[in-house]
Each structure stands twice: as C-alpha cells, then as structure tokens.
2 protein chains.
Amino acid sequence: MGKAYNIMAATCPSRTVLHRIGARWTVFIVNALDNRPMRFTELKAHIRGITPKALTETLRAMEYDGLISRTEIPANPPHVEYALTDLGRSLLAPLRAVREWAESHVPDIERARAQADAQR
Amino acid sequence: MGKAYNIMAATCPSRTVLHRIGARWTVFIVNALDNRPMRFTELKAHIRGITPKALTETLRAMEYDGLISRTEIPANPPHVEYALTDLGRSLLAPLRAVREWAESHVPDIERARAQADAQR
DNA sequence: CGGGACGGTATAGATTGTATACTGGTATCT
DNA sequence: AGATACCAGTATACAATCTATACCGTCCCG
C-alpha cells in the first residue's frame with residue numbers, strides 16, 4: 001500500500017482535505033464535540049468569538065465531508081444536534097495533539113515574538 | 001501546572017498560536033523541512049502550487065514565532081537557508097500526524113462528498 | 001398577543017490568499 | 001563582452017474568505 005497520496009503534489013486530492021482540516025474553525029469544532037454532541041447555540045457559546053456565519057459555514061463543510069452529522073430532533077422544543085461521525089472521531093487524536101501543542105507552547109512563542117520585536 | 005491555557009477562550013493567547021499553525025501553508029513548510037534545511041527556491045519547487053508571495057509571508061511569520069531560522073550564507077553562490085528550530089521541530093510530531101491523517105483518509109472524504117452530492 | 005430561545009441569513013467591510021509579472025544581483029556560457 | 005539563467009524575493013491587481021452587526025421566521029410559554 002504505502003503512500004498513495006502526497007500532500008506536496010499540487011493536484012493531489014489530499015490538498016483539499018488538508019485545506020478543510022486547516023480551515024480556521026475546524027480544530028475548535030472537533031475539539032468541542034470530543035465528549036458529546038452539541039447544539040448550534042451550545043457550540044456558539046463554547047467556542048468564544050465565533051460568529052454564527054462562520055459556525056454555519058464550517059459545520060456545513062464538515063458535514064459535506066462526512067466529519068460530523070446534523071440531526072434535527074423533532075422533540076419539544078425541537079433542536080439540532082451536531083455530532084462527530086466515526087470519520088470525524090478519527091480526526092480527534094491528531095487535532096487534540098495540535099491543540100495541546102498550542103496550549104503548552106504559548107510562552108515559547110511569546111518569548112520568540114518579544115525577542116524578534118526587540119531586535120529592531 | 002495543568003492547563004494554564006484554553007483555546008476555547010476568545011482572549012487566550014493560544015488562539016493566536018493556533019491561528020499561526022493553522023495558516024494555509026505552515027503544515028507544508030514544517031513537513032518539508034522535516035529532513036533537512038532548504039532554500040527558498042527549493043521550498044517553492046517542493047511545495048507545488050505555492051506562490052512566492054505566500055511562501056515569503058509564511059516564512060517571515062514562522063521566523064517571527066521562532067519556528068524556523070533564516071540564514072544567509074555568504075558563500076559562493078550566496079543563498080538563504082531555512083531550517084526548523086527546536087521549537088519548530090517539536091511541531092513535527094503533531095503536524096506529521098495531521099498530514100498522515102489527510103493522506104490516508106482521502107477516499108473516505110471523497111466518498112462522503114460524492115454521497116452528499118448524490119443526495120440532492 | 002408579547003416576549004424569548006433556537007437556528008440560522010443578509011449585508012457590508014476588512015483581511016487574507018492567488019495569479020502573474022517583474023527586479024536586482026551574481027554567475028556561467030559563448 | 002554580451003547574453004542567458006538562477007536566486008530570492010517585490011509589485012500589482014484581483015478573488016476568496018473572515019468578521020461584525022443586524023435581522024428573520026418558527027415555536028413555545030404565559
């Protein structure tokens with residue numbers, strides 16, 4: 001089998017996949033849905049600073065790619081639940097690693113930035 | 001120590017860090033510099049489809065954040081070498097995981113997209 | 001019927017990314 | 001010496017994406 005796809009090739013479909021993963025809010029949504037499904041408004045409250053437009057668009061794109069499922073629940077009151085699919089869940093491990101790297105290396109990067117600023 | 005930073009908070013500095021990691025071309029550059037330092041033109045050839053402007057800007061930003069180093073080599077012919085710093089190298093593991101996920105899940109995502117298209 | 005929660009849209013402006021062309025310096029070929 | 005080519009980028013114009021802010025229709029509760 002080996003590697004059938006290579007992200008470095010411009011025409012490679014893995015590019016479009018990486019493009020989606022790298023989109024502004026995907027990491028946040030995958031991390032937010034880690035434990036349990038959430039509703040639109042819940043997600044909006046949980047991911048501070050996201051606008052409804054950005055949330056809608058990212059959710060639609062992720063649904064199109066089969067990463068999350070969108071279920072309208074006709075109960076009373078009716079609401080919509082977003083959940084990770086199996087495919088989306090498989091993204092959890094890599095993206096959690098990225099999140100943890102970010103959270104743990106803030107001081108290093110702030111130091112580098114301060115040093116770069118001082119340099120000039 | 002625990003988690004001092006939480007990406008879900010809008011004001012958290014880890015946001016800006018994640019923003020940089022998630023930028024369009026960062027993943028490609030980190031993966032490209034995995035084995036050895038490279039020059040500007042080498043990177044441009046290796047990462048198919050990147051424009052010189054995008055490459056310059058991403059490299060500058062990553063240098064500012066202390067992820068890569070830029071060294072002008074006054075030898076003959078003079079050239080510029082970009083290399084991962086220790087900090088940048090620590091990003092390799094998480095980003096390689098993301099790359100591998102992308103490369104190995106192309107068929108799943110293409111299937112999901114085809115199915116979504118057919119649905120309508 | 002008034003008001004609020006839910007799940008979004010609409011619109012406009014700012015930021016970011018892309019395509020394409022070009023530059024200035026050095027080295028090599030002839 | 002002149003032409004050509006490589007290197008490391010800039011410049012310019014245009015397109016796509018992201019953000020802020022406001023608004024909408026439906027349903028339920030009182």
With a 4.5 Å limit on heavy-atom distance, are the side chains of [X] and [Y] in contact?
X       : Y        : value
B:Lys44 : B:His46  : no
A:Leu59 : A:Glu63  : no
B:Arg70 : B:Arg60  : yes
A:Tyr64 : B:Asp117 : yes
B:Phe28 : B:Leu43  : no

In whole angstrom, what separates [X]'s [atom1] from [N]'s [atom2]?
X       : N      : atom1 : atom2 : value
A:Ile68 : C:dG7  : CD1   : P     : 13 Å
A:Met38 : C:dC6  : CE    : C1'   : 16 Å
A:Glu72 : D:dT26 : CD    : C1'   : 12 Å
A:Leu59 : C:dC6  : CG    : P     : 16 Å
A:His79 : D:dC27 : NE2   : C1'   : 14 Å
B:Glu42 : D:dG9  : CD    : C1'   : 16 Å
B:Ile50 : C:dT18 : CD1   : P     : 8 Å

Flag for B:Arg113-A:Thr16: side-chain donor and acceptor within less than 3.5 Å: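 There is such a pair between these side chains.
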
Counterpart residues, side chain to side chain contact (heavy atoms under 4.5 Å, CB included), relative to A:Ala10 (two or more places apart):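 Result, side chain to side chain contact (heavy atoms under 4.5 Å, CB included) vs A:Ala10: A:Arg15, B:Arg48.
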
Pairs: protein N or O with nucleotides 2-5 of chain C N or O, under 3.5 Å:
none

Atom pairs under 3.5 Å: protein N/O with N/O of nucleotides 10-15 of chain D:
from   : atom 1 : to      : atom 2 : distance (Å)
D:dT10 : OP1    : B:Arg60 : NH1    : 3.4

Nucleic acid contacts - residues 7-27 of chain A versus DNA chain C, non-hydrogen atoms under 4.0 Å: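 Close to the strand, none.
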
Any B:Thr51 side-chain nitrogen or oxygen under 4.0 Å from OP1 or OP2 of C:dT18: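 For B:Thr51, the contact criterion (side-chain N or O under 4.0 Å from OP1 or OP2 of C:dT18) is not met.
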
side-chain N/O A:Tyr82 vs C:dC6 OP1/OP2, d < 4.0 Å: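 No, outside the criterion.
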
Got a list of side-chain donor-acceptor pairs under 3.5 Å for residues 83-92 of chain B, not counting sequence neighbours?
from    : atom 1 : to       : atom 2 : distance (Å)
B:Thr85 : OG1    : B:Gly66  : O      : 2.6
B:Thr85 : OG1    : B:Leu67  : O      : 3.0
B:Thr85 : OG1    : B:Leu87  : N      : 3.4
B:Thr85 : OG1    : B:Gly88  : N      : 3.1
B:Arg89 : NH2    : B:Leu84  : O      : 3.2
B:Ser90 : OG     : A:Trp101 : NE1    : 3.0
B:Ser90 : OG     : B:Leu87  : O      : 2.6

Backbone N/O of B:Ile7 and side chain of A:Glu103: donor-acceptor pair under 3.5 Å: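 Yes, because the side chain of A:Glu103 sits within donor-acceptor range (under 3.5 Å) of the backbone of B:Ile7.
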
Whether B:Thr26 side chain and B:Arg20 backbone form a donor-acceptor pair below 3.5 Å: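 Indeed, once roles are kept as given, a pair shorter than 3.5 Å links the two residues.
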
A:Glu57 or B:Lys44, whichever maps to the more 5' nucleotide of DNA chain D: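 Taking each residue's closest nucleotide, the earlier one in sequence belongs to B:Lys44.
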
Please output the side-chain donor-acceptor pairs of residues 29-40 of chain A that fall under 3.5 Å, not counting sequence neighbours, one pair per line with the distance.
from    : atom 1 : to      : atom 2 : distance (Å)
A:Asn31 : ND2    : A:Val27 : O      : 2.9
A:Asp34 : OD2    : A:Arg96 : NH1    : 2.8
A:Arg36 : NH1    : A:Glu42 : OE2    : 2.9

